[in-house]
Amino acid sequence: MSLFKARDWWACTLGEGEEFDQGCLCVGDVDNSGTGYDKIVVGSFMGMLRIFSPHPAKPADLTEADAQLMEVQLHEPIIQVELGKFVSCSDLLHLAVLHPRKLSVYAVSGTSGNVEHGDQYQLRLVYEHNLQRTACNMTFGPFGGVSGHHFICIQSMDGMLMFFEQESFGFGRFLPGFLLPGPLSYCIRTDSFITVSSARQVECYRYETLAVATDAESRQDPDQQSKSSGKRLAAEWTLVLGEEALEICIPNTSPVMSSIFVLGERNLFCLKDNGQIRFMKKLEFNPSCFLPYASVSEGSTNVLMCNHNSMLLVYQDATLKWAAQLSCVPVTVRVANFLELRGLVVTLSADGRLHCSYMGTDPSFFTAPKVEAREVNYEEVDSEMKRLQKVIREATKTQDILPRAETEEELSLTTVVSSQLDQVSCAVIAEMSGVPVPSVSVKVKIASRTAVLSPKLTVCVQPPLAVTQDQFVLDSMGSGCELELSFSVFLNGLYPPADLSGDMAVSYSSATGIPRVCQCRFVLPLRLVCRPCSPIKSGKYKITMDTNKPPINLSDVFPDFSEKSENNDSSALGFQLITGSKVIVLASKTSQRYRIQSESFEDMWLVANELVQRFDRHFSALGVSDFRSSFSGPLPLPEYFEAVDQHFELRVNAQKYQDLLSERAVQFRAIQRRLLTRFKDKTPGPLQNLDTLMEGTYRQVLALADAAADTRERLVQAFVRLQSSTHLLILLLSLWQGLNSQQTHILEATLLPLLQDTPQLGWEESVDAAVSHLLKTCLSRSPKDQAISLSSGPFTLPKDTSRLKKHITLLCDRLAKGGRLSLSAEANVPTPLMMPVGCESIPEPIVELEEEAALQQDSAKFIKKKQPSKRGKSKPDSSKESSKEKKEKDSGKDSTKETKKDSGKEKEPKVSSKESKRESKDASKESSKDKEKTKVSRKASLKAKEKKSDAGDG
């Protein structure tokens with residue numbers, strides 16, 4: 001909103017219900033009066049042509065009808081009006097009117113009146129051209145360098161440029177690669193036409209090139225066009241804009257260099273006449289029209305620009321000089337000179353509001369009344385200042401990337417999940433394994449605090465869960481409106497889900513047009529995917545959880561599963577997954593432990609997570625604040641790695657099927673080409689069993705396609721099972737080390753970076769990169785070992801999962817040794833933690849020692865190249881280093897047997913600081929010695945050291 005407003009000098013409303021566009025306005029001396037003052041010519045889509053000679057209304061005048069010189073109803077819609085020298089035998093200005101199927105040139109003449117009715121104006125048709133194609137727009141100019149006359153170029157809707165040399169038709173040419181018409185303008189200095197194609201690029205065509213190109217009698221393909229007479233039409237230069245163009249204007253301000261102004265949807269481009277960008281201005285609004293004109297400053301151009309916020313902006317090149325508020329949104333703007341004022345801005349809106357305005361300011365004679373002086377209460381001012389400074393400190397305390405949400409949202413979203421299953425299930429699959437599939441209803445309440453426009457609700461659940469309706473298109477809501485919706489969620493796959501939570505989001509626009517999103521999360525009940533069953537005492541996979549409170553009755557924690565249980569044993573509960581195995585929860589009667597067991601490792605995740613959450617809610621309801629669950633047993637990494645291997649094997653098989661399918665498809669197309677060549681041959685010959693080969697290849701393609709589709713479906717199921725296993729591992733890690741919510745979120749983002757698998761990016765390479773990042777940053781052994789720069793190459797499918805398994809094992813071990821998961825740099829020093837009773841740390845794999853040994857070898861090579869040691873004095877030091885390396889290699893082989901050897905290895909004697917200084921001095925003095933002598937000295941020292949050690953052993 002500008003502080004200044006454009007002042008109306010003259011205004012008029014044209015008709016009722018008429019529509020106008022960019023080309024419907026032009027200004028000039030249409031009647032050739034010779035006074036130097038302009039008239040306004042307006043044409044509408046209703047075929048109404050009007051001519052105005054505006055002047056300011058006097059206070060005594062009640063009407064402005066005398067400003068309208070002429071109003072003529074034509075039979076066809078008016079697309080564009082232009083003034084130029086369009087008649088061959090006259091140098092006067094004539095009016096060209098473009099209709100969809102006709103071009104008419106008129107002469108406007110005025111006769112002085114002898115009576116009080118005033119002057120009379122007449123519109124006389126000079127000539128017209130009937131068009132064979134529907135016109136879009138036109139431009140005019142002295143094409144080919146003619147003087148004293150103007151030719152007309154019309155662009156049709158199908159991409160043909162039709163040239164009219166005044167009363168006669170010249171030629172027509174089709175633009176190459178045409179799809180939709182764009183703005184068109186003529187550059188006098190280079191004698192070329194500038195347009196913007198549907199490929200969103202500026203194209204320049206010289207008039208000479210268009211004249212000698214192929215005739216456009218019919219639209220032809222580029223290959224056919226090159227075979228006919230004439231040259232193939234090609235652009236002189238092109239420039240990619242990347243957005244649609246609204247208008248092109250080429251002001252004739254300098255004879256040396258022409259500037260081409262292109263108004264885009266979000267940018268203003270100024271180009272040189274050779275296609276180079278002179279400058280570009282990014283706009284923060286939606287422009288509607290513009291007009292470049294000559295500036296007072298030499299070498300610059302002024303631009304009048306109107307936008308959809310009813311603003312009139314004045315730019316000098318790319319600098320904003322003035323802004324004024326208009327009363328409407330213009331579709332075209334011009335500058336005209338009238339009787340009493342020169343340089344008025346003429347604007348025309350789409351609904352026919354014609355304004356002549358100027359950008360001056362009217363003086364205001366309002367004087368603010370004097371206020372009574374009052375004494376200043378310094379104590380109140382001081383307290384207010386302190387309060388405001390406190391607000392500023394709190395606001396600037398945390399520098400968030402995204403702005404904070406408002407305290408009162410424009411839209412509130414509330415969900416209520418029904419505690420009971422639906423009486424009539426909405427599931428698509430009625431039964432699975434002889435068990436009916438239930439569904440549960442979710443009610444959504446949407447309340448608007450202010451007016452919201454075009455709200456749309458989207459619901460998302462993780463597969464194999466599905467909803468009855470995932471999208472709701474709603475009507476606009478006013479202030480204080482409430483709306484309730486409902487949908488049902490059910491199981492729609494033959495495998496259990498990995499997550500029982502769902503997300504919903506409402507996207508809408510505020511009253512000011514700003515797009516916003518309101519999100520909400522809901523959790524589905526466990527009864528949706530499993531039912532109670534009789535517990536069994538055996539299970540292949542077992543997990544034991546500890547608590548710090550006495551054991552409780554499981555029926556109190558799971559009342560919805562204990563009602564239909566077949567036995568009344570409160571220390572055991574059975575859960576039968578609809579599409580999985582049985583999961584049993586056992587409570588110890590003597591200790592504070594609970595056991596979860598099942599025949600499937602991943603199926604225990606949903607029950608274990610529900611057990612932990614219900615324990616927390618149960619003890620919170622009892623007022624117990626120090627309740628804590630823990631896990632003391634060894635981590636089930638071998639069981640978890642089985643799920644990883646299954647998923648990886650299916651990924652490899654899917655890639656193999658995809659490669660085989662590609663090969664068979666290439667073979668099938670090659671056989672088709674051979675057969676087509678044989679059939680087209682005029683002399684028939686034997687097919688040489690190509691038909692049999694084609695049929696066999698076709699069967700192979702079908703079989704491989706079915707196998708690939710089946711593998712892809714199995715891969716989706718394996719990925720969901722892998723997600724369940726990963727969730728279970730994260731839960732056990734958080735209970736094992738007592739991780740807080742922030743550390744658990746980091747662990748989830750590391751081990752579950754993807755919501756779904758894709759052939760381009762899979763789970764294995766993503767998790768390997770994330771775990772390696774943690775091991776090199778926050779979980780490094782010490783701050784000195786942290787990687788300064790982390791290199792990330794392209795993610796590809798690994799050869800196997802051994803590296804991933806070792807990194808996950810090392811991650812668990814670092815957490816067991818006190819490592820903290822944090823994204824900040826100061827929290828990377830490990831802190832000692834008390835290990836649970838009966839829990840041992842996981843030994844680090846040999847690959848870590850091998851990596852450190854490789855780093856030591858690389859550093860030894862670097863020292864060897866940069867600082868060659870002296871042959872005489874470096875023997876004892878080199879022998880010590882070689883014996884130390886030998887001991888490290890021997891100890892590295894047996895590092896997995898006992899952890900005591902690692903500590904013993906760290907206590908090996910090191911070279912003293914004095915010896916190292918003396919060695920560095922000797923090395924710097926003898927830096928010109930041979931590398932071969934250094935190698936010989938190292939070998940000799942190694943042999944001397946071995947003999948010395950043998951003698952000591954003897």
Discussion item. Please give me the minimum heavy-atom distance between Leu304 and Val335, naming the atom from each residue.
Written reply: CD1-CG2, 3.6 Å
Discussion item. Tell me if the aromatic rings of Phe193 and Tyr205 count as close, with their centers under 6.0 Å from one another.
Written reply: no
Item to complete: Determine whether Arg278 and Ser259 make a side-chain contact, defined as any pair of heavy atoms from C-beta on separated by less than 4.5 Å.
Response: yes
Worksheet item: Would you say the side chains of Asn137 and Gln80 form a donor-acceptor pair under 3.5 Å?
Response: no
Fill in: Where Leu313 and Ala323 come nearest, the two heavy atoms and their spacing
CD2-CB, 3.5 Å
Discussion item. Can you tell me how far apart CD1 (Ile514) and OH (Tyr508) are? Round to the nearest 0.5 Å.
Written reply: 10.0 Å
Worksheet entry | Backbone of Pro77 reached by a side-chain donor or acceptor of His99 within 3.5 Å | yes
Worksheet item: Is the Tyr186 to Phe140 ring centre distance short of 6.0 Å?
Response: no
Discussion item. Are Phe52 and Leu69 packed together at the side-chain level, in the sense that at least one heavy-atom pair is separated by less than 4.5 angstrom?
Written reply: no
Practice prompt. Count the heavy atoms of every other residue, nucleotide or ligand shown that sit under 6.0 Å from CD of Glu16, and state whether that count exceeds 12.
Written response: no
Fill in: Note, Glu244 side chain near Leu246 side chain (heavy atom, < 4.5 Å)
no
Worksheet entry | Spacing of Gln68 atom CD and Ile40 atom CD1 [to the nearest 0.5 Å] | 11.5 Å
Worksheet entry | Under-4.0 Å salt bridge between Asp38 and Arg334 | no
Worksheet item: Checking Asn307 side chain against Asn309 main chain: does a donor-acceptor pair fall under 3.5 Å?
Response: yes
Discussion item. Check Asp31 with Lys39, please: is the shortest side-chain N to carboxylate O separation under 4.0 Å?
Written reply: yes
Practice prompt. Count the heavy atoms of every other residue, nucleotide or ligand shown that sit under 6.0 Å from CD of Glu76, and state whether that count exceeds 12.
Written response: yes
Worksheet item: Can any side-chain N or O of Glu128 pair as donor or acceptor with the backbone N or O of Val105 at less than 3.5 Å?
Response: no
Discussion item. Run the side chain to side chain contact (heavy atoms under 4.5 Å, CB included) test on Cys306 and Leu326 for me, step by step, so that the C-alpha distance in whole Å, both residues' side-chain angles and the decisive distance to 0.1 Å come before the verdict.
Written reply: CA-CA 9 Å; Cys306 305; Leu326 298 174; 4.2 Å; yes
Discussion item. Please determine whether side chain to side chain donor-acceptor pair (under 3.5 Å) holds for the pair Arg266 and Asn286, giving the CA-CA distance in whole Å, both sets of side-chain angles, and the decisive distance to 0.1 Å.
Written reply: CA-CA 6 Å; Arg266 285 292 181 182; Asn286 293 327; 3.2 Å; yes
Fill in: Over 12 foreign heavy atoms within 6.0 Å of CD, Gln132
no
Worksheet item: How close do Pro330 and Ser288 get, heavy atom to heavy atom, and via which atoms?
Response: O-OG, 2.9 Å
Worksheet entry | No-hydrogen, no-angle side-chain donor-acceptor test under 3.5 Å, Gln22 and Thr332 | no
Practice prompt. Quick one: do Phe163 and Tyr207 satisfy side chain to side chain contact (heavy atoms under 4.5 Å, CB included)? Show the steps, please.
Written response: CA-CA 10 Å; Phe163 295 88; Tyr207 179 75; 3.9 Å; yes
Fill in: Heavy-atom side-chain contact between Phe290 and Tyr315 under 4.5 Å
no
Item to complete: Hey, could you give me the CD/OG distance between Gln166 and Ser88, rounded to the nearest 0.5 Å?
Response: 5.0 Å
Worksheet item: Counting distance only, does the side-chain N/O of Ser168 pair as donor-acceptor with the main-chain N or O of Glu165 below 3.5 Å?
Response: yes
Worksheet item: So, Ser509 side chain and Pro515 main chain: donor-acceptor pair closer than 3.5 Å or not?
Response: no
Discussion item. Please find the pair of heavy atoms, one from Leu161 and one from Leu184, that lie closest to each other, and give the distance.
Written reply: CD2-CD2, 4.1 Å
Worksheet item: In Å, rounded to the nearest 0.5 Å, how long is the span from CZ of Arg353 to CG of Asp8?
Response: 10.5 Å
Worksheet item: How far apart are the C-alpha atoms of Gln316 and Asn302, what are their side-chain angles, what is the distance that settles it, and do they pass the side chain to side chain donor-acceptor pair (under 3.5 Å) test?
Response: CA-CA 4 Å; Gln316 185 175 6; Asn302 287 0; 4.6 Å; no
Worksheet entry | Gly478 backbone acceptor or donor facing Ser448 side chain under 3.5 Å | yes
Worksheet item: Closest approach of Trp9 and Pro54, non-hydrogen atoms and distance?
Response: CH2-O, 3.7 Å
Worksheet item: Between the main-chain N or O of Ser454 and the side-chain N or O of Ser476, is there a donor-acceptor pair closer than 3.5 Å?
Response: yes
Worksheet item: Would you say the side-chain atoms of Trp237 pair up with the backbone N or O of Val202, donor to acceptor, closer than 3.5 Å?
Response: no
Fill in: Val345/Thr347 under side chain to side chain contact (heavy atoms under 4.5 Å, CB included): CA gap, chis, key distance, verdict
CA-CA 6 Å; Val345 179; Thr347 57; 3.9 Å; yes
Item to complete: Taking atom CE of Met48 as the centre, report whether more than 12 heavy atoms of other residues, nucleotides or ligands fall under 6.0 Å from it.
Response: yes
Discussion item. Going by the rule side chain to side chain contact (heavy atoms under 4.5 Å, CB included), which residues pair with Ser156 if we only count those two or more places apart in sequence or in a different chain?
Written reply: Arg133, Asp158, Met160, Met162
Worksheet item: Mind checking whether Val108 and Val41 have side chains closer than 4.5 Å, heavy atoms only?
Response: no
Worksheet item: Out of curiosity, Arg449 CZ to Glu410 CD, how far, rounded to the nearest 0.5 Å?
Response: 6.5 Å
Discussion item. Looking only at the aromatic ring of each residue, does the gap between the centers of Phe338 and Tyr37 stay below 6.0 angstrom?
Written reply: no
Practice prompt. Determine whether Val42 and Leu14 make a side-chain contact, defined as any pair of heavy atoms from C-beta on separated by less than 4.5 Å.
Written response: yes
Worksheet item: Roughly how far, to the nearest 0.5 Å, is CG of Asn267 from CE of Met280?
Response: 3.5 Å
Worksheet entry | Closest non-hydrogen atom pair, Phe45 against Cys24 | CE2-SG, 4.0 Å
Worksheet item: Any donor and acceptor pair, going by atom type alone, linking the side chain of Arg173 with main-chain N or O of Leu210 inside 3.5 Å?
Response: yes
Practice prompt. Would you check, one step at a time, whether the test side chain to side chain contact (heavy atoms under 4.5 Å, CB included) holds for Leu93 with Lys85?
Written response: CA-CA 5 Å; Leu93 294 178; Lys85 300 177 181 180; 4.2 Å; yes
Worksheet item: Just by modelled atom types, is the Gly182 backbone N or O under 3.5 Å from a matching donor or acceptor in the Gln155 side chain?
Response: yes
Practice prompt. Check Met359, Lys5, Gln325 against Leu312 for a side-chain contact (heavy atoms from CB on, under 4.5 Å) and give me the one that passes.
Written response: Met359
Worksheet item: Are Asp191 and Arg206 close enough, and set up right, to give a salt bridge (charged side-chain N to carboxylate O under 4.0 Å, His left out), and what steps lead you there?
Response: CA-CA 6 Å; Asp191 192 24; Arg206 297 185 66 87; 5.9 Å; no
Fill in: Within 6.0 Å of CD in Gln122, more than 12 heavy atoms from elsewhere
no
Worksheet item: Any salt bridge between Arg50 and Glu18, counting N to O under 4.0 Å?
Response: yes
Discussion item. Counting C-beta onward and ignoring hydrogens, is there a side-chain heavy-atom pair between Ile152 and Leu103 closer than 4.5 Å?
Written reply: yes
Worksheet entry | Parallel, tilted or perpendicular: ring planes of Phe164 versus His129, cut at 30 and 60 degrees | tilted
Worksheet entry | Ring centers of Phe151, His149 separated by less than 6.0 Å | no
Fill in: Side-chain heavy-atom pair Val81, Leu95 within 4.5 angstrom cut-off
yes
